Novice: 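I'd like to ask you about the structure that follows.
Quick note on labels: first sequence line is chain A, next is B, and so on, each numbered from 1. Treat the numbers as computed from the prediction; the structure is a model and nothing was measured.
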Amino acid sequence: MNLNYNTDNNLINVLQDVSFEVDYKETISVVGESGSGKTSLIMLIGGLEKASSGKIEFKDFEISSLKEDEISEIRRKDIGIVFQSCYLIPNYTAIENVSLALEINKIKDPINKAKEILDKFGLGNRLNNLPSQLSGGEQQRVAIARSIVMKPELILADEPTGNLDSENSELISNILFDYVKEENASLIMVTHDNKLANLSKRIIKIKDGKIE
Amino acid sequence: MVKLNKNQNFSLYFKYALRDLTRSYNKILSIIITLFISLFILSSIMTIEDSLENELNENAKLLLGGDIEIDYNNREGDQTKIDKITKFATVSQMVEFSTMISTVNKKINKTSFTRVKSVDQFYPLYGNAFYEPNDALEKLNQIESSILVNENIFKNLNLKINDIVKVQDKEFKVIGIVKVLPDIGGAFVFGDFALTGKKTLDKLDLNTLGSFLNYEYKVKFNKSVNSKEGIKRVESLFKDQNRVRLRYPENSAGGIRRIVDNFSQFLSLVSISAMLIAGIGIANTLLSFINQKNSSIAVQKAIGVFSGNIKTIYYLQLAILLVLITVFSYGLSFFLIPIVDKYISDGLGLNIEASFSFLNLIIVFLVGMLVMIIFSIPTVNSIDQVKASNLFRNVFQSLQFNYSVKSVIISIVLLIILISLFAIRSSIPFYSVAYFVSFFICLLIFYYLSVTIIYLLKKYKNSKISVKIAVKNITQSKSITPITIMSLGLGMTLLLTLTFVGSNFKREISKSIPEIAPDYFFLGIQNDQREKFEKMIFNSDNKSKIEVVPMVSAGLVKINGIDPNSYIKNTNDSYWVIMNDRRISWSDEIPKDNPLTQGSWWDLSSPDKLQISLDSKVAQDFGVKIGDIFTLNIYGREIDGEVVNFRLVDYRDLSINFAMLLNPQFANKIPHEYLSTVKFNNIDKFDGINFLDEFPSVSIVKISDYLKKVTDVLNKVFIAVIIISTVTVIIGLVVISSAIIVQGKIKTFQNLVFKILGFSKKEIIYSSLIEFIITFFSIILFSTIFSIVSSKFIIENIFQLKWLFEFDIFLNVTITVGLVTMILIVFTNLKYLSPKVYPLVRNE
């Protein structure tokens, strides 16, 4: 697939002829310099951007040909996204941020299920705290809980430990890799952290929009 | 692909809407305030109108004084027919007339022009009259030559119970005070009034013209007679009687109904203006609210919530807000009723009670909903601009109003529904539609004014840094200039227009008209009294100007052989000409202030033919042409006359003016009396008491007394109107302050940069003042032009009075609003003047 932008009569090739497959249970780290196209890659996979050409297939769907609402429907259930900045909804408590993902999927007893996962992540005593009352590591754990509470088959993570200290980074990476193992999911993770990247089964290196 | 059922999800979205609203309501406080003020005003107007309508409808028989009224005008009723009615109903005879009441044996005797109601023992057939003492009405028909006067006469003539007053040349004992009469539908609403017994009437020397005598018979059907059946029986008795008018309960208090309708139409339009101005603020605040939620919306999109569902959540928040505010404002409007009741019972003698109307509640909600949707569509649609991919870049672009073809069409359709809703409910739909059209034209002009100012200022170069900053603030892409100019401009236009209308009206009534108007009207001067009358006036003041004209009462019963009541509606401006008998006169020459507009003056070769000169406005309103035939009923005889010319009649000077004049060669043969106006050189030289001793049957109307009463009523109306129109300015100010608050973050950043660059607070405040002066003076300039044009049109075309630009009033209003706006802007900006560097550097 390819991704190009037109700016002031200049064509910028963000991604060129990028092609790879991801198996179930596979963990992939995408590494590369800033501006190489790593984030754009996972944006395309998550259906948050449209490829200029080429195809992205996820399970039986061809994401690149679906409408926005149809992609949203897939994201709801099967794709979890973790951002570098946690992006919790500021006026929702920890438990409300997590239960949001369950409620829009009409999952029964969302509050207890959200509580369960937050307990598992060591946040049992922070359930009713607003994001502003949580530390950076706690916020990221809530964000990951929200991303995986629907047990998605694919996790897209963009620098999930980028804003964290080493202790919290380890905690977060353990959560992500344990989840992949337990739920037979796949993980595509953009990272600058070599230590974290080395935990993945495969590393894809991108330079100037191309896979090296 | 499995789609979630939208209906099943409603409760979920509702839950989220409620949660967002309860946690973020402080961020949309200006929406809540402006929406509440405008809905409260609308609710109040509707509740008051509804309560008044209910009072008028429920008490229609009471206000009419019977199940049906038979009006014989200035003739006594046909006793044979009345006797026939008494077989199935109770008939109460009533005679109303105007006369003078004067005190006797006081140090300084006073007089009062009074409408007297002579009643029999059956009065009132419906409802209760309240007197002091309680048995006063019973005594009225027992004690000969007794009279009850209203509180105003009692106070003004300095009377005591059992005092003697003179009515014409007869003496009467004041046996009590009338507090409230149930049948206030007629002329008794505003003027002074008194009650006498039926026997008393015979003692007085009443003449049919000058006393404006009116014989009425109120009918109350026996219990065994069904109302409809009774009315049919009465109608059948009078079917061929052109001169007898039947009045029904639904026609009672027509004057009050018209006042209520017109006043509430006007106030409703003011309230919808307030609401539309509030709409501008709603759009702006909501956009800022959604902008603040930019990342939350992106997160929702990232985890798979549809854009449409997010919009639903925001619309639901607005709907919840609207329901709560509607119920609260409608409920609160009920608390106004006791205050209005006090005001109305003093003025009109009506007592109103708050009554719940589900329809009104729905209408208030509907109006609020339409305004809210119209203004929130482009704002909520901006949610489509939020991209979940922004979360990866941590860059959020400010959202802009999102106009799609579909949303523009929906907005226009909703706007048409809103205008129709007001137009259909108003008594004169054309005025409502015209008002809306003017409103939107003003809105557009103010918008383009802001665009022009921004364009011109972008080209303007000035080296002074404060001016540069001010110009930059006005011209920057997210400046509040358009919102300030539109919201304050519309409010100022409305306030200035109503102030100009009110002040011109008051000036004309209290100053200009008395200067040119006569001091007194003298009614009912008989043929043999005319010489003596003129002599007496000259003896009191030999420099007085007297005008004496003949007068006769006539009814216009047919126009070209057709009853005009069958095709001319009571909403017609000139309906008064056919409503009752009119006083008409005749003249040899064309009256000085009544120039001919069409046709020629009398044809002297046809002295035996009745010729009519008609007011050109009446001719236009009735569609009458030269050569048309009017059938006049004069003393029961129908006479055909040809309309030979039209005159431009100017009623403003309160001199003698008639809608119809007759050719004197013909009219002199008709039995008549005289009407006179007198303008004294020195009004103090005229002694009314002395005059009434000589002319007991002549009635005197002192113009200044009536103008004072009118001015008093106008003052109250003026205050109410100004208070309500000030609300539009207040809403405009709330919109501006919310716009400044919305700008807060930008302002803080900007002021921080200024701080780092070494600007003083003084310089920043100075630049704010320059910004205010540029914006406010542009608003004032255009608001003044609009208000001059509209108030001039209203005063000159609708009220037909002289319009003057009153600079002092203009200055008072603009300086007051200007100061309040400036204080508000400075006060709102104050917290952004000293930004703390640390949180900004930390990007908090």
Novice: Could you tell me which non-hydrogen atom of Val305(B) sits nearest to which non-hydrogen atom of Ser72(A), and how far apart they are?
Specialist: O-OG, 4.3 Å
Novice: Could you tell me which portion of Ile81(A) (side chain, backbone, both or neither) has an atom closer than 4.5 angstrom to a non-hydrogen atom of chain B?
Specialist: side chain
Novice: Does Lys387(B) have more than 12 heavy atoms from other residues, nucleotides or ligands lying within 6.0 Å of its NZ?
Specialist: no
Novice: Indicate yes or no for a side-chain donor-acceptor contact from Arg76(A) to the backbone of Ile303(B) under 3.5 Å, with no hydrogens or angles considered.
Specialist: no
Novice: How about CD on Glu183(A), more than 12 heavy atoms from neighbouring residues, nucleotides or ligands closer than 6.0 Å, or not?
Specialist: yes
Novice: Check whether Ser40(A) gets within reach of chain B through its side chain, its backbone, both or neither, counting any heavy atom under 4.5 Å.
Specialist: both
Novice: Roughly how far apart are Tyr87(A) OH and Leu391(B) CG, rounded to 0.5 Å?
Specialist: 5.5 Å
Novice: Under 6.0 Å from the CG atom of Asp208(A), do we count more than 12 heavy atoms belonging to anything else shown?
Specialist: no
Novice: Got more than 12 heavy atoms from elsewhere within 6.0 Å of NZ, Lys113(A)?
Specialist: yes
Novice: Report which part of Val299(B) has an atom under 4.5 Å of a heavy atom belonging to chain A: side chain, backbone, both, or neither.
Specialist: side chain
Novice: Any heavy-atom pair between the side chains of Gln300(B) and Leu100(A) that's under 4.5 Å?
Specialist: yes
Novice: Under 3.5 Å, is there a donor-acceptor pair between the Tyr92(A) and Asp20(B) side chains?
Specialist: yes
Novice: What pairs with Phe328(B) under ring-ring contact (aromatic ring centres under 6.0 Å, His included), at least two apart in sequence or on another chain?
Specialist: Phe36(B)
Novice: Could you report the tightest heavy-atom contact between Lys301(B) and Arg75(A), atom names first, then the distance?
Specialist: O-NH2, 2.9 Å
Novice: For the side chain of Arg23(B) and the backbone of Asn91(A), is there at least one donor-acceptor N/O pair under 3.5 Å apart?
Specialist: yes
Novice: Surrounding CZ of Phe14(B) (heavy atoms of other residues, nucleotides or ligands, distance under 6.0 Å), is the total greater than 12?
Specialist: no
Novice: Taking only heavy atoms into account, what residues of residues 42-56 of chain A are found under 4.5 Å from chain B?
Specialist: Ile42(A), Met43(A), Leu48(A), Glu49(A)
Novice: Do Phe306(B) and Glu68(A) have side-chain heavy atoms sitting under 4.5 Å apart?
Specialist: no
Novice: Which one of Glu159(A), Met150(A), Gln84(A), Arg146(A) has the most heavy-atom pairs closer than 4.5 Å to chain B?
Specialist: Arg146(A)
